[in-house]
Amino acid sequence: MFNHLTKVGAAAIAIAMFSAPALAQNFTLNPTFGTFTLQSGFTPDPYQIDVVAGGSNDASNVGSQCAGFVAEAPDVRLHFQGGLFNEINFSTQSNSDTTLVINDPNGTWHCNDDGGNGLNALLSFVPVSGQYDIWVGTYGSSTANATLAISELPYGGGSTPPPPPPPPTSGPDFTLSPAFGTFTLQSGFTPDPYQINVVAGGSNDASNWSNGTCAGFVADAPDVRLHFQGGAFNEINFSTLSSSDTTLVINDPNGDWWCNDDGGNGLNALLSFVPISGQYDIWVGTYGSSTADATLAISELPYGGGSTPPPPPPPPPSGPDFTLNPTFGTYTLQSGFTPDPFEVNVIAGGNNDASAWSNGTCRGFVADAPDARVHFQGGSFAQLYFSVSSDSDTTIVINDPNGNWHCDDDGGNIGLNPALFMAPVSGQYDIWVGTYGSSTADAVLAISELYSY
């Protein structure tokens, strides 16, 4: 591994950082001056976008520490994949007094006025991959021409020790189609290990573009591309099996590069990850410059054998199906939502025995379609609570934004009702409210950031 930053929550080195519901600022609107996609190591740096700063909305509506006037729609939307560097900076350049308001990938609001040069604004973040919605404001109510600058370099010039650059055009290139196929696996896949035959090696000396951190010779194109959805298990392992000395190079879903030589059995390679959903581009190398037959093995089991308690398997086609439209509505909630708790009236139960497709982990009977779907953006609070209240014995089944299944029966504080407490992950939650018996029943689904049940 080299230059790998720990995945953090929305930690930010921001002049003002807080959570608040957006009042006039609406990040669901299309940005006025464009949507941009940047990957860590982008050039040119700084990346500059011309905008017209200001608008009719007083930024203090977002929070008392915000200043200036901004538009309703974002000025710029950035999809960022990082971070090889330690920070990402957003700054303004204008002859007028400008401000910044940013909604980061975790739904947290950040504001600044005069943190940059002169009367310009600056916000600096520990780089988190995802969507940044950006408003450039003016301190007065008049609009003004301005430039938004996005940079991974320290604000005000200088330099940082350069990370391994993105592989050159002549080296490993994750934009190329993989030589031995693209595969999609969901946590709990079988067979485990999942094996793919490849020809290891290539013409690129991995040590040349990794400051000597990586070893071996690899091809230009990835050997294998994996789209992974997980993780019901605690790790995912990539290993090589070959009679030759093999190495591994992997670009993970966050754009970080990882390498190994001889971490597996004998002269084979091994890389173990905390499972992140997304795209893995994988190169199998050889320590020498000759190619060799090899097998790439992908497993959620501890390397070298053993087993872990099985997760609930994906529901069969005849069971709960999160591709169906929810029966009692789709809702969008942003961290700090009101009222809290947010309640949805449902009819609990259905014809699917949850224990039949979860190896007994889940309880009760649920419908085919979700009862409710929640698009959540957060979390400024530590947990997100889902609970049910009913005169009957109810259960709950939730498929979270990472594709993981969660179940409960009788975990709430009121009678025979369930509750599930989760770390707040932004994305789509599909929710089934079940009954312990096969009869249906009236129930209320409650969603809260403040209370446990």
Side-chain angles (χ1 to χ4, degrees), residues 10 19-30 62 72-74 103-109 130-131 133 277 315 320-350 352 354 362 364 366-390 394-408 411-412 414 417-435 440-453:
S19 282
L23 299 178
Q25 286 63 63
N26 187 348
F27 52 73
T28 67
L29 298 176
N30 291 327
V62 177
E72 181 179 6
N103 187 265
D104 75 13
N106 282 338
T108 304
W109 291 89
Q131 179 176 309
D133 288 296
S277 297
D321 184 353
F322 52 72
T323 67
L324 298 175
N325 290 327
T327 305
F328 299 99
T330 298
Y331 305 89
T332 299
L333 298 177
Q334 182 177 346
S335 188
F337 57 83
T338 56
D340 185 331
F342 182 85
E343 296 183 337
V344 182
N345 293 319
V346 302
I347 297 176
N352 296 295
C362 301
V366 296
D368 291 342
D371 293 303
R373 176 168 295 146
V374 174
H375 296 289
F376 178 72
Q377 189 180 35
S380 33
F381 290 82
Q383 286 187 305
L384 189 61
Y385 305 93
F386 298 85
S387 63
V388 178
S389 58
S390 176
T394 52
T395 67
I396 194 168
V397 175
I398 298 180
N399 186 263
D400 74 15
N402 284 331
N404 300 321
W405 291 90
H406 308 261
C407 304
D408 184 65
I414 303 174
N417 289 300
L420 281 170
F421 313 134
M422 301 186 194
V425 179
S426 296
Q428 179 175 307
Y429 293 78
D430 288 297
I431 307 162
W432 288 258
V433 179
T435 52
T440 58
D442 291 333
V444 176
L445 169 68
I447 305 165
S448 175
E449 295 180 296
L450 303 178
Y451 308 104
S452 59
Y453 295 89

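Evaluation of the salt bridge (Lys or Arg N to Asp or Glu O under 4.0 Å) test over residues 420-435, restricted to residues two or more places apart or in two chains, returns Arg373-Asp430.
Taking the six-membered ring where tryptophan is involved, the planes of Trp109 and Phe27 are tilted, since the angle between them lies from 30° to 60°. Using the six-membered ring where Trp is involved, Trp405 and Phe322 have ring planes that are tilted, between 30° and 60° apart.
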**Message:** Would His406 and Asp408 count as a side chain to side chain contact (heavy atoms under 4.5 Å, CB included) here? Give the steps.
**Reply:** CA-CA 7 Å; His406 308 261; Asp408 184 65; over 6 Å; no
**Message:** Leu445 vs Phe328, test: side chain to side chain contact (heavy atoms under 4.5 Å, CB included). Steps then yes/no.
**Reply:** CA-CA 10 Å; Leu445 169 68; Phe328 299 99; over 6 Å; no
**Prompt:** Run the side chain to side chain contact (heavy atoms under 4.5 Å, CB included) check on Ile431 and Asp371 step by step: do they pass?
**Reply:** CA-CA 6 Å; Ile431 307 162; Asp371 293 303; 5.9 Å; no
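Judged purely by atom type and a 3.5 angstrom limit, Asn417 has no side-chain atom pairing as donor or acceptor with the backbone of Ser387. Ser390 places a side-chain N or O within 3.5 Å of a backbone atom of Asp442 that can act as its donor or acceptor partner. Between the side chain of Trp432 and the backbone N or O of Ile396, no donor-acceptor pair lies under 3.5 Å.
Side-chain polar atoms of Asp321 and Thr323 form a donor-acceptor pair below 3.5 angstrom. In summary, the side chains of Asn352 and Asp368 do present a donor paired with an acceptor at a separation below 3.5 Å, with no hydrogens or angles considered.
In plain terms, the two heavy atoms of Gly107 and Gln334 that are nearest each other are O-NE2, 3.8 Å. Heavy-atom minimum distance, Thr440 versus Gly349: CG2-C, 4.3 Å. Closest of all the heavy-atom pairs between Tyr429 and Val425 is OH-O, 2.7 Å. The minimum heavy-atom distance linking Gly336 with Glu449 is given by the pair N-OE1, 2.7 Å. Closest approach of Ala443 and Val388 over heavy atoms only: CB-CG1, 3.9 Å. Nearest heavy atoms, Ala419 versus Phe421: CB-CE2, 3.9 Å.
Between Phe342 atom CZ and Ile447 atom CD1 the span is 6.5 Å, to the nearest 0.5 Å. The distance from the CD atom of Gln377 to the OG1 atom of Thr108 is 9.0 Å, given to the nearest 0.5 Å. Atom CG of Asn399 sits about 10.0 Å away from atom SG of Cys407, to the nearest 0.5 Å.
Environment of CD1 in Ile347: sparse, with no more than 12 heavy atoms of neighbouring residues, nucleotides or ligands closer than 6.0 Å.
For Thr330, there are no side chain to side chain donor-acceptor pair (under 3.5 Å) partners two or more places apart in sequence or in a different chain.
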